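Single-structure report; data block below.
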Amino acid sequence: MKRVSLFAFDFILLGATLVLMTLGILFVYSSGMSFTGMQLSNEYVKQLIWAGSGLVLMVGVIMIDYHRLRRLSLYLYGFVILLLLITPFMGREVHGARSWIGIGEFGIQPSEFAKITTVLFLASYFAGIGKGVQKLPRFLLGLAVVVLPIGLILLQPDMGTALVFIPIFIFMAFIAGARLRHILYLVVTGLLMIILAVAPLYEQWILGREATVLSMMTQFEVARYFLLAALLITLLSAWGFWGFKRRYFYWILYISSLVLFSSAGAMLVTRALREYQIMRFIVFLNPRADPQGAGWNLIQSVTAVGSGGFAGKGFLQGTQSHYQFLPQQSTDFIFSILAEEWGFLGGLLVFALFLIVLLRGVRILYIARDEYASFVGAGIVAMFFFHVVVNIGMTMGIMPITGIPLFFLSYGGSSLWTGLICIGLLLNIYFRRYGS
Amino acid sequence: MSKSRTVTLGFLVSIVLVLLIGQLFYLQVIRGWEFKRRARAVVRRELPIPAQRGDIFDRHYDFPLVVNQDSFAVDLIPGDVPEGSRAQLFERIAIALGIAVEDIENKVPPRFYHLYQPIELKGGVGFETVAYLAEHLADFPGLTWHNKPIRNYLGMDSLSHVIGYVGDINREEIQVLYNQGYSFGTVLGKSGVEKQYDLLLRGKDGTRFRTVDVREKDLQAKPEEDIPPEPGKNLVLTIDRRIQLLCEKALGERIGSVVVLAPSTGEVLAMVSYPTYDANLFFTERAAQEFTGLSLDPTFPFINRAIQSSYPPASTFKVIMTTGLVEEEVFPITREVTCTGEIFYGDRIFRCHRKVGHGALALFGGLAESCDVYFYTAGDELGIERIVYYSREFGLGSSSGIDLPGETPGFLPTPEWKQKTQAMIWLGGDTLNISIGQGYLLVTPLQMANVIATIVNEGRVFRPRVLKEVRDPQTGDLIEEIKPEVLRVSPIRKETFRTVKRAMRMVITEGTAEVVLTTDAVEVAGKTGTGEAGFEDRWHSWFAAYAPFTPEYPEEQVVVVVMVEAENEWEWWAPKAANVIFQGIFADQTYEEAVETLKPWWYIQQQQAARVAAERADRAEQEARLADEETR
């Protein structure tokens, strides 16, 4: 890349990002407005400042050749891990979690930037091992790269942000050419773990009676023998596999260890989860279980979205939001306001813009010059995708409340900066696609 | 890097986003209306605007007997009370409203502190207090008030039984009345006209719509969307307050009742029951104590004795006996019976009220002198079946259907009844007892008034009623005029009734009531009654009569029934009271004027006694002064 052309620049991606950011500022403004038309908060001004500074950051990221970032990725990763290590002790407590560090009113969430540095470092790891990713130990080492920040973020505790690392890893491993059975193992274990963890709650809160199938999770006696049996099968098949090299032992081991890990993990999760997190799952399954408490947000958000109708109530005309029924309007539930005031058309616009961002991202990783760039792109697409699905799904009542923001729309500097840095990285990759 | 995997990724991302769009479409477009309605319901509150209760007038429609008086209820919105100043605020409110701090704390417990719904601290607060609060509003954060009019009963106390009173709806009433539009917190009539015509009087509450935020704080009110209340109708009663007052004073402080009825229409012109109560007390501070006190009063002031108490009719029943005797002709009216003061029947002696006897008497004389021996003999001849038949023809044993709640039908005994309930056959002695209105027979004063009305109208009787007209509260326009409703038409011959009337006139001209019915204002016909009540020297005193005896037109006739219970000191008061009432009605005089005109013996005695007492007091004073001077 010696010739810098304007046409080498992805204007569509940049344009979609800018429109999304503008929408964000508009609806952060709307969320701060009381029913009398009085502006109760200056969040939109702050958001403007974040956006401006974020754009500068983005330009900065574009300027640096991403190959240099690749060389720096280990140090960046290490630095953010260090920040994450001290956050649980020095962080500022907001909503029961210590995820902020900083001075005075300005603070950052290291967990947000950890996503970027992890993506950069994991990409460099995968690019370094090449075809070796198909080997299980290499694959597991890559997994360790994301498990470390996940563990540290769970200490804060911030489950929502921690969860983002899982799709990041899966997408990147997928693009890096990891074996499908390894990825599938990971996906199924995760899903099974969630199902098994929720099952006792389901029995207790929704079903209201004992279900025989679920007793292995709820009754300690049964659970003990179940786990013991799974462990035994796993050990036997492992012995059989390495001792006799028979193919079927591999699959028995595959399935039995999967069940073992997911049920053991589910038990750990059930013990580790806090009351409010359990309630979030319960109200996701049935919002009426606690309509005034944990179910409130969900009910009000779905009502706000649904009442928007086809064309919406008009900008600044939302009743659910301006009468303060909708909680955390400027951050987690920004999409609810938008959908209430601009209706299905507004929602469609947001979806279209995100689809542009995501597909342009996929296109960039497709045409990128080298593997490293592709892997970085895959990580970024995974992050954006997960945030959009979980956040918007949550406002529509089809995802549990996890408290992760919607990029470019939600109020908050860290999230906006992270988003813009990632866009910067994508543009960077696009920009240098024909390089030497 | 695999190209196909990248394409797969692109597809995955697109499909998931399209699914999300599908969910958005489902929520906003397919179920949009449902959520719109839900969002509106969340922020919209409906507040009832109480309808003004109708006023109640007497028949002249010139002066209200009941009006609504402006009054306020003071409320506290706990959520508006600043944290930390609660204790001082409660103290200030307690002083301003004259209630105890504990009362406020009981009504506003800590779990309500964050609420934005007003809690009523005190009702019946006057304008001055509210004005004071308004001036010092800064000292009373969270305090508000609303209009809660109270009923003001302006008429005399004796109207309290007819008009009744109102109160807050209770749990039992709401179960019964819920489907008629009653709800918690509504005020409804508890007795009398207030209860009977509650639906007319209450009108229809309006609705105020307001929008609230999540903390129940008012955001905006759109008066143009309000549904205005429909005020209750004004009622015009048949009661004539002049006659009512006359009757109240004529009965005086004697336990008993007076009914004045217009026989040509069934309109009740006056209905007095003593003792009475003051319904206004139920709106004061001491309402609960007053109510309990009245409930426990051994004289039962809540009972409307004119319709809710029944007594043996005693000799007044003889007018029904007379009608039967004249109609049946089994015992010719000219046939004489010799009264020796007593009669042997079976193994018992039945005595006449006059121990020395009346001598030989025919029907007219027997009724005029109220000779018991005559009616024992005639009644035995007439037989119980016919006595029961004629009693039914006069409406005994069944409700008159007056438009007041709680009327008792009295009791008419029959041989079947006695056989069934007491397993004893009806004896001839029972027939003798009922022939003079004693025994098991029980009649309310209103039923007795209807008996007289049947005679006056010669067999036709109208349903007695207290409602005359329903009028529009704003314009005063007549909405409905209640038409007389025929209750019963008796097949008894008109000629028979005319004969009975002549006999009743004789009671006044030369019979038992001759000495007390001294009024010259009108010709009265009637019948006295003195009922056994288990006392040695006191009796129930009845007087049932009508006037004028020879009317120019039927509308001028009135029936007066006075019933004074044996509980009182024996004065034979019923005919004496009726004398004053007839004088007052027909000479258009007040009670005082009527008494002054009549100068009855008891009045002269009273005056003499008063004069003697005054002289004695005078003398005592003089002596005291003399003694005083001497000591100096």
Side-chain angles (χ1 to χ4, degrees), chain A residues 34-36 171 174-177 296 299-300 302-310 312-313 318-320 322-327 339-340 343-345 347-348 350-352 354-355 358-359 361-363 365-366 368 370-371 373-375 377-378 381-382 384-385 388-389 392-393 395-398, chain B residues 1-46 79-80 111-117 209-222 225:
Chain A
S34 78
F35 70 94
T36 49
F171 271 42
F174 182 69
I175 294 299
W296 173 268
I299 292 169
Q300 300 303 337
V302 172
T303 308
V305 172
S307 66
F310 185 72
K313 297 174 185 169
T319 54
Q320 285 288 107
H322 295 297
Y323 298 158
Q324 309 295 322
F325 283 91
L326 200 59
E340 185 186 19
F344 180 65
L345 293 178
L348 206 58
V350 171
F351 274 116
F354 273 117
L355 200 60
L358 289 169
L359 291 182
V362 171
R363 181 168 172 265
L365 79 91
Y366 189 85
D370 50 40
E371 286 195 323
S374 282
F375 301 161
V381 167
F384 283 162
F385 177 64
V388 169
V389 172
I392 297 184
T395 64
M396 297 194 297
I398 54 171
Chain B
M1 188 199 75
S2 151
K3 297 285 179 195
S4 65
R5 285 197 172 186
T6 312
V7 175
T8 312
L9 204 68
F11 273 114
L12 176 76
V13 165
S14 308
I15 289 167
V16 172
L17 283 206
V18 167
L19 287 177
L20 281 183
I21 292 171
Q23 169 72 6
L24 188 67
F25 184 80
Y26 170 70
L27 282 183
Q28 295 198 296
V29 181
I30 296 176
R31 288 177 67 190
W33 282 109
E34 181 191 331
F35 284 110
K36 267 187 186 139
R37 208 169 44 241
R38 210 180 284 172
R40 201 162 33 238
V42 161
V43 296
R44 208 157 140 105
R45 294 286 179 279
E46 292 179 9
D80 281 343
R111 65 173 193 280
F112 289 175
Y113 283 173
H114 66 283
L115 291 185
Y116 282 87
Q117 281 103 323
F209 295 107
R210 61 192 186 97
T211 308
V212 298
D213 73 358
V214 67
R215 296 187 304 163
E216 288 288 322
K217 257 190 120 147
D218 260 326
L219 298 184
Q220 64 208 76
K222 289 184 184 146
E225 283 185 6

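In what follows, chains are A, B, ... by sequence order, proteins preceding strands, each numbered from 1. The structure displayed is predicted, hence computed values, not measured ones.
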Which bit of [X] is near chain B, if near means a heavy-atom gap under 4.5 Å: side chain, backbone, both or neither?
X      : result
A:L348 : both
A:V302 : both
A:A382 : neither
A:F385 : side chain

Heavy-atom pair count under 4.5 Å with chain B, highest-scoring of [options]:
options                        : result
A:F171, A:F354, A:F351         : A:F351
A:G347, A:G312, A:G343, A:G393 : A:G343
A:V388, A:I392, A:V350, A:L355 : A:L355

Using a 4.5 Å cut-off on heavy atoms from C-beta on, say whether the side chain of [Y] contacts that of [X].
X     : Y      : value
B:F35 : B:L27  : yes
B:I21 : A:F344 : yes
B:F11 : B:V7   : yes
B:L20 : A:I398 : yes

Practice problem: Between chain A and each of B:V29, B:L12, B:L9, count heavy-atom pairs under 4.5 Å; write down the option with the most. | Solution: B:L9

Practice problem: Output the option from B:R37, B:R38, B:R40, B:Q28 having the highest count of non-hydrogen pairs under 4.5 Å with chain A. | Solution: B:Q28

Quiz item: So how far is it from A:F174 CZ to A:F375 CZ, rounded to the nearest 0.5 Å?
Solution: 12.5 Å

Exercise. Calculate, to the nearest 0.5 Å, the distance between atoms CZ and CG belonging to A:R363 and A:L358 respectively.
Key: 15.0 Å

Quiz item: Which atom pair, heavy atoms only, marks the closest approach of A:K313 to A:S307?
Solution: NZ-OG, 2.9 Å

